[in-house]
Amino acid sequence: MAGSAAASDQSLRVSVEVERDRNRVEMILLRNPKGATVEVSCYGGQVTSWKTECEEELLFTGSKAVYKPPPHAVRGGIPLCFLLFGNQETLEKRRFAMGGLWTIDRDPPPLPESDMTHVDLLLNPCSVDLKIWPHNKPFTFTFAYLMYLAVSDIGEVRVEGLETCDYLDNLKEGVRSTEQGISLSFDSEVDRVYVEAEGVIEVLDHEKRRP
């Protein structure tokens with residue numbers, strides 16, 4: 001299985017560096033032509049840092065984030081949620097890909113020319129996978145990027161683009177409801193899975209004055 005974003009072979013040579021972290025796991029640094037950077041760990045295929053060209057960190061990791069050897073996942077960044085979400089899960093929660101070591105595809109399929117930096121990662125079967133799903137047959141799954149965004153103050157943040165979308169409320173045992181407001185703000189704990197959300201979804205941070 002593979003994950004990728006578009007770029008040319010030239011940008012790969014110029015904009016992608018591979019190092020090893022403190023646990024000797026490969027860490028990929030991607031830099032676009034404007035200077036923005038992304039760090040991706042081959043453990044779990046997880047994005048651990050995303051900085052603008054002004055070196056502003058866009059992702060939350062927090063003081064409690066740990067960088068221990070596998071199978072300990074890093075708390076924060078952008079982990080991959082694969083297989084299933086919320087209270088709908090029947091397999092081990094979110095660990096199918098998060099607990100695996102991904103490898104860099106050295107011979108990826110050709111992609112259209114673009115100025116976007118990219119890297120292709122592969123997740124190969126391992127003994128841990130067989131413990132979670134010990135069957136040689138297809139299964140149903142969902143997939144998502146779980147983004148821990150850095151914000152100035154949660155009380156000053158709102159999300160737009162979810163109006164009229166149905167969601168599953170995990171604080172109410174998965175009860176299905178419909179978003180009524182034009183924007184979503186936060187004054188208490190929220191744990192929802194929005195169903196078939198389409199179009200642009202914006203997270204607006206008033207104090208930082210940016211989406």
**Complete:** CE (M27) and CD (E39) are apart, to the nearest 0.5 Å, by 5.5 Å
**Request:** Check whether any side-chain heavy atom of V16 sits under 4.5 Å from a side-chain heavy atom of L29, and report yes or no.
**Result:** no
**Asked** Can you get from L171 to V175 by hopping between Ile, Leu, Val, Met, Phe, Trp and Tyr side chains that sit under 4.5 Å apart?
**Response** no
**Request:** Compare all side-chain heavy atoms of L184 with those of R192 and state whether any distance is below 4.5 angstrom.
**Result:** yes
**Request:** Report whether I154 and L58 are members of the same hydrophobic cluster (ILVMFWY, side-chain heavy atoms less than 4.5 Å apart, transitive linking).
**Result:** yes
**Prompt:** Can you check whether G76's main-chain N or O pairs, donor with acceptor, with Q46's side chain at less than 3.5 Å?
**Reply:** yes
**Request:** Could you tell me whether L149 atom CG has more than 12 heavy atoms of other residues or ligands within 6.0 Å of it?
**Result:** yes
**Request:** Using atom types as modelled and distance alone, determine if a side-chain donor or acceptor of E57 lies under 3.5 Å from a backbone N or O of L59.
**Result:** yes
**Value rounded to 0.5 Å, distance of CG in L122 from CG in L101** = 13.0 Å
**Sequence-distant partners of Y194, ring-ring contact (aromatic ring centres under 6.0 Å, His included), two or more places apart** = Y167
**Asked** What heavy-atom pair brings C42 and I28 nearest, and what distance separates the two atoms?
**Response** SG-CD1, 3.9 Å
**Within one Ile-Leu-Val-Met-Phe-Trp-Tyr cluster: V203 and Y145, side-chain cutoff 4.5 Å** = yes
**Distance-minimising heavy-atom pair for D120 and P109** = OD2-CD, 4.4 Å
**Item:** Side chain to side chain, Q180 and E163, heavy atoms closer than 4.5 Å
**Value:** no
**Pair S177-D169, side-chain donor/acceptor within less than 3.5 Å** = no
**Request:** Measure the shortest side-chain to side-chain distance between W102 and S41 over non-hydrogen atoms and say whether it is less than 4.5 angstrom.
**Result:** no
**Message:** Let me confirm one number: the CD-OG distance from E160 to S185, rounded to the nearest 0.5 Å.
**Reply:** 11.0 Å
**Complete:** Separation between CD1 (I104) and CG (L121), nearest 0.5 Å, reads 6.5 Å
**Message:** I need the L30 CG to T117 OG1 distance, nearest 0.5 Å.
**Reply:** 6.0 Å
**Asked** Are any of the side-chain nitrogens in E202 or R158 under 4.0 Å away from the carboxylate oxygens of its partner?
**Response** no
**Item:** Within 6.0 angstrom of R24 CZ, more than 12 heavy atoms from elsewhere
**Value:** no
**Request:** Under the side chain to side chain contact (heavy atoms under 4.5 Å, CB included) rule, collect the residues that match up with D153, sequence neighbours excluded.
**Result:** E156, E207
**Complete:** Sorted by chain and residue number, the side chain to side chain contact (heavy atoms under 4.5 Å, CB included) partners of I201 (sequence neighbours excluded) come out as V159, L162, A197
**Message:** Would you say that F60 contacts R75 through its side chain, given a criterion of any heavy-atom pair below 4.5 Å between the two side chains?
**Reply:** yes
**Prompt:** When rounded to the nearest 0.5 angstrom, what is the spacing between CG in N170 and CG in D191?
**Reply:** 4.5 Å
